[in-house]
Structures are given as C-alpha cells and as structure tokens.
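Input: a single structure, listed below in structure tokens.
Just follow the structure's listing: the first ligand is 1, and inside any ligand the first atom is 1. All values below come from the heavy atoms of this structure, side chains included, with hydrogens, waters and symmetry mates left out.
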Amino acid sequence: MTTIENILLTGKNEGQTILSFLKKYNAEQRKIFVLCNPTTQKQCLPILEQLLQTKLSAQLIVLPIEESTKDINTCNQIWKTLLDFQADRKSVLLCLGGGVICDIGGFVAACFKRGIEHILFPTTLMAQIDAAIGGKTAINFCNEKNQIGLFAPATRTIILPEFLETLPRQELLSAFAEMLKHGLIADRNYWKQLINININNIEEITNKELILQSIKIKTTICAKDITEDNERKKLNFGHTIGHAIEAYLLQHNASRITHGHCVAIGMIAETFLSQQKRLLSSDKCNIIFQNLLSFFPIFDIRPNDYEKIVANLQFDKKRVGANYNFTLLSDIGVAEINQQVEREDIFKALVFCFETLKERKK
Ligand code: GLY
C-alpha cells in the first residue's frame, strides 16, 4: 500500500536531525546519491551543508534538469550514472531542487531496480507546499506534461525554509496562489490569515507557520486518497481552467505569466461556476474575486481565443462524456468534487474573467 511521506519542517538548529539519519545510511553502508541541477548545486547545496555543518558524504549527479528536459533522456542519464557508481536496491536518492527535480527524481528512484528510497529536499515554495507532498512522480512525454509517472511517496520530505531566501518574488507569489487554494478548499481561517498578508513584504508569505498550514492541508487530503479517486480531487480546484489558460499561453509564447497566476484566474473562473450552479452565494463569491484580484490581476485574452482555451480542456483527464468534471466550492473552506459543468458555462466563466471583471476595474 502507498503511504504518505514523513515530512520534516526544519529550523536552523535541526541540521543534526537530518545528519543523524544520513549517518544511519552511511553506517548501514548504503550508497547515497544527490540529484541536483547546476543552480541548486550552487545555491542550495551550500545551505544544506552549512546546516549539517559538514560536507555531504554522497555521490553528486548534476544534470541540466528543467521543465524542458524532464524526460526519458534525462532519466536514462541518471539511471546510467547510478549503474556506473554501482547503486543497488539499498541505495538512496536525495533530490535537491524544485518541483521538476522532485518529480523526475521520484520517478527515477521508483523505477530503478524496482524501487529505491528517495528523499526530497524541495527548494522552492511551490515544491515545499505542493509538488514534494503526496507522492506524484512523473516525466513529460510527446510534448505533454506529466504523462508517464506513478504514485511513489518519498521516504521523507525535508523542508528547509532557508532555501526560499534565494527565490525571486514572482516565484513566491506563484506558490502563494496554491496556498490560497488550500485555504479555499479546506480551511476558512487559513484563507483569512492569507488574505491579510501584506504582499509588498514578501517574507510574510514564507512564514514557517503558513508553510506548515499548507503542508498539513495537503498531507491530510493525500493521506485519505493518495491515488486521486475522490478526496484528492479537491486539490484540482482552479486547475481545470487554470491549466487550460496556462497551456494556451505557452502555445502563444506568452509564458511570462506564472503557473500560480493562471491558477488564481482559474480559481476566479471556477468560483464563478460555483455561483452559476448555486453552490456558493454571490456575497462569498465577491469576497473571493476581490481578494484574488488584489494579488493576481486579470491579464488580456481576446474573446476570439476562448475557443482555443476550451480546446485545451478536450483531453482533460477529468472529462466525463460531453461534460467536464470540476471541483467547485460550496463555501469558503469547503470543496465539492465531481461537479459536472457544460462547455457553454466554461465560455461564460471566461467572459466573466476577461471581460466583466476587466470592465468593473475601469
Ligand atoms: N498538485 C495536486 C496534487 O498533488 O494532487
């Protein structure tokens, strides 16, 4: 049975806890490998080693891993290196990086010799509160994201808030959208805390207590349903339309809009759908619209392009017959899975976001 990973949110004084279990691997003569890319090798490995107060006794595997190389060729290179250094079934792979490294590292480890242990050290806020929790591992295939993969939770996920100090504001803000989602789907008080944040003081987003709240929400959901048969679908709120918008922007070379920004607009559109289906009152919808817009403004999409966005939903894994399967809201902090939405209503939601709300701002 797949179980949820053991998550450790560390502070500056907890390097010894990490060191002690790494030493245990050394004592058992198990080989440790560290997967990173040149950026995390340069920026994050020294932070980790400073915390441990020693150099890692491990074999480094440094490859130019990013979204465009999260593929089978990179897996081959990692597997080849593991073989070259005589990795065996007792070996352990530490993944030091953002969501991409956690995704591919988990996948490589889960397949190598039918599965070796992997430990995630997520270095971005997005990975700390989302990608490194819940055991989704995957690589891209035929230009489609995350098509090949499996559920394989890490033995441990170790969260070091120190890594976040090196991240650009845009990246933190992108993850903030996912934190807001956690509040909207599962915890009204957490949502209230988040909307009171002063976004100009970006350190407020990386507050350890907030990170912990998001981790708890995601862990609780995934522990009930790791394979996304029911409860885990709650995490899809904002993502059905958000992903379709993100894919459209990528197809039109406008990828400067972050994933989180697309998800935030997706959450506005899906809150609108919640109101259309009379699940959520207009007062509550307006609170959600107003707050999301204060962090994530509407960008321009031409009405002629709505068709292209909806076309991106065509192959959505959640589609049922002619309708689309959404997670919507029945309250702030309460999500409803398996809500059927018609194509026509998705167009209405796009008009609402990219025309009605835009007009309201004028
Ligand atoms: N990122 C959504 C999930 O892990 O299910």
Quiz item: List by chain and number: which residues place a heavy atom under 4.0 Å from ligand 1?
Solution: Asp130, Lys136, Lys218, Glu228, Arg232, Leu235

Quiz item: For the residue pair Thr327 and Ala335, what are the closest heavy atoms and their distance?
Solution: CG2-CB, 4.0 Å

Quiz prompt | Minimum side-chain heavy-atom gap Arg169-Ile199 below 4.5 Å | solution = yes

Quiz item: Which pairs with one or both residues in residues 269-289 pass salt bridge (charged side-chain N to carboxylate O under 4.0 Å, His left out), sequence neighbours excluded?
Solution: Lys284-Asp331

Quiz item: Other than Leu120, what residues sit in its cluster of Ile, Leu, Val, Met, Phe, Trp and Tyr side chains whose heavy atoms are under 4.5 Å apart, directly or through others?
Solution: none

Quiz prompt | Non-neighbouring partners of Asp229 that pass side-chain hydrogen bond (donor to acceptor under 3.5 Å, both in side chains), sequence neighbours left out | solution = Thr227

Quiz prompt | Shortest non-hydrogen separation from Asp225 to Lys233 and the atoms involved | solution = OD2-N, 4.5 Å

